[in-house]
Amino acid sequence: MLFQILDVDYTMVDEKPIIRIFGKTEDGETVCGFYEDYLPYFYARGEKLEEAVKGEGNVIRVEKVKRFLPIGYQKQTIDLHRITLRNPAKTPEIRDKLRSRGFEVFEADIPFKYRFMADFDLAGMGWIEVDGSGGVTTNTVSAQRKIPIKNFKKIGKDGMVPLRFLCLDIECVSLKEGEMPDSRDDPIIMISAVFSEPHKGERSIVLSTRSDRGVKPFEGEKEMLEELINIIMDYDPDVITGFNINNFDMPYILERMRQNNISPMFGRCKKHVTKNQIMSRFKINIAGRVMVDSFEMIKRDFSMKRYDLNTVSNELLGEGKEDVKKSQIEKFWKGSQEKFRSLIRYSKKDSELAMKLVLNLNLLDKYVALAKISGTLLQDILDSGETTRIENLILREFNKEDFVLPCKPDGSEVSKREKMRRAELKGGYVLEPEKGLHSSVIVLDFKAMYPSLIRTFNICPTTLIMKDGVEKPVTSPSGAKFVPENIRKGIIPKILERLMEERQKVKGKMKKESDSGKIRELAAEELALKIMSNAFYGHFGYPRAKVYSMEIANSITAFGRETIKKTKDFIEKDFGYKVIYGDTDSVMVKVPFENLEEIKKAGEEVAKRVTSVLKGVMELEFEKTFKRFLPLTKKRYAAWSFESDEDGWRETMETKGIETVRRDWCDLTSETIEKVLEIILKKNDIKEAVHYFKGVADSMIEGKIPIQKLVVTKTMTKRAEGYAGIQPHAELVKKIKKRSPAECPGVGDRIGYVIVKGAELLSKRAEDPLYVIEKKLPIDSRYYIENQLLPPLERIFIALGISKTELLGKGKQVSLFTAFANNSKAKAAKEVYYKYMEGFVCEKCYKTYDFPPLRGVCECGGTLLFNSPQGPARRVIY
DNA sequence: GCTACTCGGGG
DNA sequence: GTGTACGAGTAGC
């Protein structure tokens, strides 16, 4: 019998732990396998251990074993005690006792299920084969097949069992107006559920405590919640999903169950309730099932301005939410039948969208691949970060070679390491970019630089030489020494070799594959292998890592810096080309060719020659061509990029470190940046770019910019009165509340605003765009030019050597009032208006500003004057 | 420039 | 549950 592992845990029966492996067969049958003969253990180092654990009922036996310590090269193993225990939950007690008596302990903080999985080399979402005969009689577990497991075999099989998804979304209303509902006080009024496979012939169901067509009605919340449990248990999903379900819906449901005295028993184990741990956020654990939050995955995997369900689904699915404002839910709930039906549709649609996000975008693929590769359970891949994956992987590999792993550092150790890291860890080498706009630039980068360095120089905690005496060590530029490969090949280099070779194989398979589903799965695997390989370097410098070593982290970056510098010198000497920029693992090189093919040939030639003189598995690759390249500063540039593939050249506009979209920028800003960059890069015409920018500024002053392009949108996260500082969107809400309370947006609503002219503080001049049109209010063009357009655009023009004066034109000085007046004078003013850009100076403290602070006065409270280089400072007139 | 704090998503 | 664990963006020095 073959099945895929969804979840693993253990349960105590007669004071003995029994491991349970939850899974699913290819036929879609749910399985729970029980493994009995496995006990928790850990290692300790020190004298007279037997005495220390005498009388400990929880200790079953102590054995002497020979192991290697995890950090520092050793020729021989040392003696350690292996302590086997009765009860996994009691391990910390014994561990802490031994620690307090001066013993050094190892592997004493590994969750029992992971201890088991590591010893048997099992992975989350991995396949195993069991004999499948016999049965286990228990009513504490719900699974179609309950079997004892004696022998099993890990199978390196591709493919995914079809998973069954349930998507949930709840609605509730707050007792307190204008606040988010509180799960302690406010009942759930509606629950919508969508099924990936029809359940009792339905694709979805909506439960509510108000009755109507289209909902299953309930007397009260308690009955409704009981029905939810029934649905989950009957439908029996492998995955429960929803949008922000981990931090809203599920914790809310659990709290409401508590309030209603309902036991939250809806996992595949009827003995353990669903738990909701509150740490920095919630963590929900449902036995045998996986909680998947589409919001969290999308936030990690996609770069977007906003991540609300409407934006996300419009962008990724091409369809949005039903049109109900958050603050209106109560009205729809209490309102007419028609309104109530809208709420039903709204709720159902939300679940449908959240489900589609997970399924249509195949969001789980990557996480499943990461689980398989690292050995981590899918749930933990979703809930925790890189450390968990890496440590699960290295535990296995260390143990295979008789190494033990250290425990996690305690708080004081972590803060010690944090300090050390700040003081000592050096990063990659970033070349000072050659100023100006460049053409014909080749981009070369090192293929998997850090993992390759680790392999090439055999960098590993197990090869790090702590005390001299090894001949011909590998010495890093930072001074650390490592044992050469022929004496001991490091475990980390071995892991990386495997991961990187595996990745090449997967790439090969992908090329041959024609089935799109298979290709997708392989692509996810390939990506996961890359993610895992790249995570090792960071791990050694991570203060919470078990295997932490500043020497290792610094050796890796030091080798990296050395490599990139040598590469630069080699290219400049050997080819006579100029390296105009480089960062960590890449170099940008100017070549004397125009034609893309010629440039490519040169790029490949350089890459080949450099690679041939590099050590080990280091490889420099020709990546792409920048037809035009504009570096602003280190880490910031824009480029017109050409990459070749089977179908020819693929061109893109590329920016690094230059944001073109930001939450607090209006569309005009983003558009202008993009357009200006495009003119510079594609047309190679700086003058035109300046001209374009001036044109936008002019249109702004003349009031010709469509108001939609000036809108900045923010979400009301709390009541308008609740904001500490003065914030534009909150101020606007206060205004609307006064003039038309009925239309007033509430907490959770998105507020779009523009800034209008006036004498008040900027934030108080936020207005509703529709109101502005209706009342014909003048837009504050000064604000838009200075605060929206100039800051990002100025940085671009500075890189082109264009001074402010040049950029902004010359002419006589005028008052701001004239310069920004939205009238016929504006036309005359436009030529001269930028003069004031020489800056501002405070009348009182003489502090100067390029741009005045939002408040319009100096931070000392003093009045701001023009800081005119030609004459005395002039008063700013608003 | 760095560090400390906030807030996202959800109703 | 043998595990204490976001992360980007901004305000504040």
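Proteins come first, then strands; the chains are lettered A, B, ... in the order of their sequence lines, and each starts at number 1. Basis for what follows: all heavy atoms, side chains included, without hydrogens, waters or symmetry-related copies.
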Could you tell me whether [X] contacts a base, only the sugar-phosphate backbone, or nothing, with contacts defined as non-hydrogen atoms closer than 4.0 Å?
{"X": "D380(A)", "answer": "base"}
{"X": "D350(A)", "answer": "sugar-phosphate"}
{"X": "F112(A)", "answer": "base"}
{"X": "K90(A)", "answer": "nothing"}
{"X": "P92(A)", "answer": "sugar-phosphate"}

What's touching nucleotides 11-13 of chain C from the protein side, N or O pairs under 3.5 Å?
none

Write down the distance between [atom1] ([X]) and [atom2] ([N]), rounded to a whole number of angstrom.
{"X": "N244(A)", "N": "dC7(B)", "atom1": "CG", "atom2": "P", "value": "16 Å"}
{"X": "M12(A)", "N": "dT2(C)", "atom1": "CE", "atom2": "C1'", "value": "13 Å"}
{"X": "D169(A)", "N": "dG9(B)", "atom1": "CG", "atom2": "P", "value": "16 Å"}
{"X": "Y10(A)", "N": "dG1(C)", "atom1": "OH", "atom2": "P", "value": "9 Å"}
{"X": "L353(A)", "N": "dG10(B)", "atom1": "CG", "atom2": "C1'", "value": "15 Å"}

I want to verify a distance call: between [options], whose nearest atom is closest to the [X] side chain?
{"X": "K113(A)", "options": "dG3(C), dG10(B), dT2(C)", "value": "dG3(C)"}
{"X": "R544(A)", "options": "dG9(B), dG3(C), dT4(C)", "value": "dT4(C)"}
{"X": "A108(A)", "options": "dG10(B), dT2(C), dG9(B)", "value": "dT2(C)"}

Can you find a side chain N or O atom of [X] that sits less than 4.0 Å from OP1 or OP2 on [N]?
{"X": "N285(A)", "N": "dG1(C)", "answer": "yes"}
{"X": "K299(A)", "N": "dG9(B)", "answer": "no"}
{"X": "R422(A)", "N": "dC2(B)", "answer": "no"}
{"X": "R306(A)", "N": "dA8(C)", "answer": "no"}

Study note, to complete from the structure: Residues passing the side chain to side chain donor-acceptor pair (under 3.5 Å) test with R184(A), sequence neighbours excluded, are D182(A)
Check your understanding: For R258(A), does the CZ atom have more than 12 heavy-atom neighbours from other residues, nucleotides or ligands under 6.0 Å away?
Key -> no
Check your understanding: Only one of R95(A), R45(A), R99(A) forms a salt bridge (Lys or Arg N to Asp or Glu O under 4.0 Å) with E104(A), so which one is it?
Key -> R45(A)
Review point. On a whole-Å scale, what distance lies between the P atoms belonging to dA5(C) and dG9(C)?
Key: 23 Å
Review point. Of all residues at least two apart in sequence or in a different chain, which pass the side-chain contact (heavy atoms from CB on, under 4.5 Å) check with L425(A)?
Key: R421(A), M550(A), A553(A), N554(A)
Practice item. Taking the six-membered ring for Trp and the single ring otherwise, decide whether the centroids of Y10(A) and F116(A) are under 6.0 Å apart. Key: no
Review point. Is D9(A) salt-bridged to K113(A), going by a charged N under 4.0 Å from an acidic O?
Key: no
Review point. Ion pair present between R345(A) and E322(A), side-chain N to carboxylate O less than 4.0 angstrom?
Key: yes
Check your understanding: S351(A) side chain to V194(A) main-chain N or O, any donor-acceptor pair under 3.5 Å?
Key -> no
